[in-house]
Amino acid sequence: MLDLQAVHATNTAQTVSHQHDLAALSEQLQRRGVSLNAVVEQLRSFEVAVPSWALGTGGTRFGRFPGGGEPRDIYEKLDDVAVIHALTRATPRVSLHIPWDEPEDAAALRGHAASLGLGFDAVNSNTFQDQPGQRLSYKFGSFCHTDAAVREQAVAHNLHVIDVGQQLGSESITIWLADGSSYPGQMHLRRSFERTLECLRQVYARLPEGWRLFTEHKPYEPAFYATVVADWGSSLMLAQALGERAACLVDLGHHLPNTNIELVVARLIAAAKLGGFHFNDAKYGDDDLNAGSIKPYQLFLIMNELVDAASEAEPALAGRGAPPSGGCAGAQNHRRAGPGFAPAYMIDQSHNLTDPIEALLVTVDNLQRAYARALLVDRDALDHYQAKNDVVMAEQTLRAAYETDVRPLVAELRERQGGALAPVAALRASGYRAAVTSARTGAGYAPPQSL
Ligand code: RM4
Ligand code: MN
Ligand code: MN
């Protein structure tokens, strides 16, 4: 459905200025001993999954203001993801929410996705709402519930989600629980955690071969006093108790203000329990804004931990052609990430005011920029300054990478793969939104409100 002619025309119109900017960046990087081409190629490995729930306009608990051409079903959502992938070449997978986007025929959906060049990332279960016809209520929790029958129902739902995921070709399940309490005394803090672990054990025991299970923490909302999986510590306890294939998922919006999220990431890497991310950004709470829109430096520092860990797993990822320049001897001894280091990168956002496709294009670009900047960190110099306790130069080493304008580099990667130099401009020129606005009439699909 995307008018590729229009995309090429926008690329052509920008070619001259892009080449100038790219040459300037290449020269600048050369002076630092970094090959632009090498970084472009390393950036290629950064892919991120789009959540099925982010393609329609989101809402708040006060209302929702839908835009034109919203996808009416999961098929149309996949069509939109295909557009995002065509423009960015970095979003080949979809993370499905069940039952919100439960397919009637999983095999058919998988086939449709494959025809668009798409596959499926983690499937997400939902025991935070009651569904029509559901026997027992989750009002007072699911896995933590005092009633064993409710817990059984919640476990059965998760097994069903795994089953659907298997048919779709997913290889992981993400479990976010709204379980918790809003008043002191409402819930036994330790026993509710034990019951939750017991349910997770039952789900974990039924994980298909090659699958992973992610637990996602969140400190509050909808429970306002104590959530059962409130923080990375609780999530880590669960993942460690469950076993090797359980890991923690870090949603950037699920932390109390001023939490040092890059430190959380570093700790989970050290414990070999970093499963993946839900990227977004926030000013106050679980705001689900575009990743990198509020705290771009934080996003860079998180990416820095990821690139650092990935470069231990695969030293070629150091971004530079030159040999190590006097890094501190013995630094290798502290390296831990290991060869299997491959966190799942996913987006989890709610687009209340913006066109969801445009918001996701901006997000993917922001994520790639942050990752590219992290690739530019001179790790040997950083090791060296850290060893010498040269605080100023250590910080400046990070900032030098962060302050590099990598926009031409990210655009270059997109173009090399057949994508758009400027995705939002290309989307607008293509007329896609107008086309789907006239095509998608009638059904009035209302996506769920933001959580
Ligand atoms: C939650 C959490 C989950 C997401 C739901 C919609 O706050 O972030 O990952 O599936 O919202
Ligand atoms: Mn999330
Ligand atoms: Mn959330």
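Keep in mind that what you see is a predicted model, and the values were worked out from it rather than measured.
Between Thr91 and the options Val364, Leu360, Leu361, a side-chain contact (heavy atoms from CB on, under 4.5 Å) holds for only Val364.
Aromatic rings from Tyr371 and Phe46 are positioned such that their centres are separated by under 6.0 Å.
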Candidate pair Glu102 and His160, rule side-chain hydrogen bond (donor to acceptor under 3.5 Å, both in side chains), full reasoning: CA-CA 11 Å; Glu102 170 125 33; His160 169 68; 2.6 Å; yes

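In this pair, Phe279 and Phe277 present their aromatic rings parallel. The plane angle is below 30°, not in the 30 to 60° band.
Evaluation of the ring pair (Phe, Tyr, Trp, His ring centres under 6.0 Å) rule for Tyr75 yields His112 as partners, not counting sequence neighbours. The salt bridge (Lys or Arg N to Asp or Glu O under 4.0 Å) test applied to Glu262 returns no partner, not counting sequence neighbours. By the ring pair (Phe, Tyr, Trp, His ring centres under 6.0 Å) test, His217 pairs with His255, sequence neighbours left out. Partners of Asn258 by side chain to side chain contact (heavy atoms under 4.5 Å, CB included), not counting sequence neighbours: none found. Contacts of Arg195 classified as side chain to side chain contact (heavy atoms under 4.5 Å, CB included), with partners at least two apart in sequence or in another chain: Thr146, Arg151, Arg191, Ser192. Remark: Arg93 engages Glu47, Ala49, Asp121 in a side chain to side chain contact (heavy atoms under 4.5 Å, CB included) (not counting sequence neighbours). For Phe300, the ring pair (Phe, Tyr, Trp, His ring centres under 6.0 Å) test picks out Tyr297, Tyr402, with sequence neighbours left out. Residues meeting the side chain to side chain contact (heavy atoms under 4.5 Å, CB included) test with Ala282, sequence neighbours left out: Asp287.
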Check residues 232-239 and write down every donor-acceptor pair under 3.5 Å in which the side-chain atom is one partner and the other belongs to a residue at least two apart or another chain.
{"residue": "Ser234", "atom": "OG", "partner": "Asp231", "partner atom": "OD1", "Å": "2.7"}
{"residue": "Ser235", "atom": "OG", "partner": "Thr215", "partner atom": "O", "Å": "3.2"}
{"residue": "Ser235", "atom": "OG", "partner": "Thr215", "partner atom": "OG1", "Å": "2.9"}

Listed pairs under 3.5 Å, donor-acceptor, residues 200-207 side chains, sequence neighbours left out:
{"residue": "Arg201", "atom": "NH1", "partner": "Ala241", "partner atom": "O", "Å": "3.4"}
{"residue": "Tyr204", "atom": "OH", "partner": "Glu244", "partner atom": "N", "Å": "3.2"}
{"residue": "Tyr204", "atom": "OH", "partner": "Arg245", "partner atom": "N", "Å": "2.9"}

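Between Arg440 and Asp80 there is a salt bridge, since at least one side-chain N of the basic residue sits less than 4.0 Å from a carboxylate O of the acidic one. Look at Arg379 and Asp308 and you find a salt bridge, because one of the NZ, NE, NH1 or NH2 atoms lies within 4.0 Å of a carboxylate O, short of that distance. One finds a salt bridge joining Arg433 and Asp355 here, because a Lys/Arg side-chain nitrogen approaches an Asp/Glu carboxylate oxygen to under 4.0 Å.
Defined by atom type and a distance below 3.5 Å, a donor-acceptor pair is present between the side-chain atoms of Gln153 and Tyr138. In summary, the side chains of Trp100 and Gln129 do present a donor paired with an acceptor at a separation below 3.5 Å, with no hydrogens or angles considered. In this structure, a donor-acceptor pair under 3.5 Å is absent between the side chains of Asn290 and Asn366. For the residue pair Trp53/Asp348, the side-chain donor-acceptor check at 3.5 Å is satisfied. For Asn158 and Ser125, the side-chain atoms include at least one donor-acceptor pair closer than 3.5 Å. For the residue pair His145/Glu152, the side-chain donor-acceptor check at 3.5 Å is not satisfied.
Applying the salt bridge (charged side-chain N to carboxylate O under 4.0 Å, His left out) test to pairs two or more places apart or on separate chains, none has a residue in residues 159-179. For the side-chain hydrogen bond (donor to acceptor under 3.5 Å, both in side chains) condition, the pairs that include at least one residue of residues 413-428, sequence neighbours left out, are Asn37-Arg416, Glu41-Arg416, Glu358-Arg428, Asp365-Arg414, Glu412-Arg416.
Side-chain N or O atoms of Arg72 include one that pairs as donor or acceptor with a backbone N or O of Thr441 at under 3.5 Å. In this structure, the side chain of Thr227 engages the main chain of Lys218 through a donor-acceptor pair within 3.5 Å. With hydrogens and angles ignored, the 3.5 Å screen pairs no side-chain donor or acceptor of Asp101 with any backbone N or O of Ile74.
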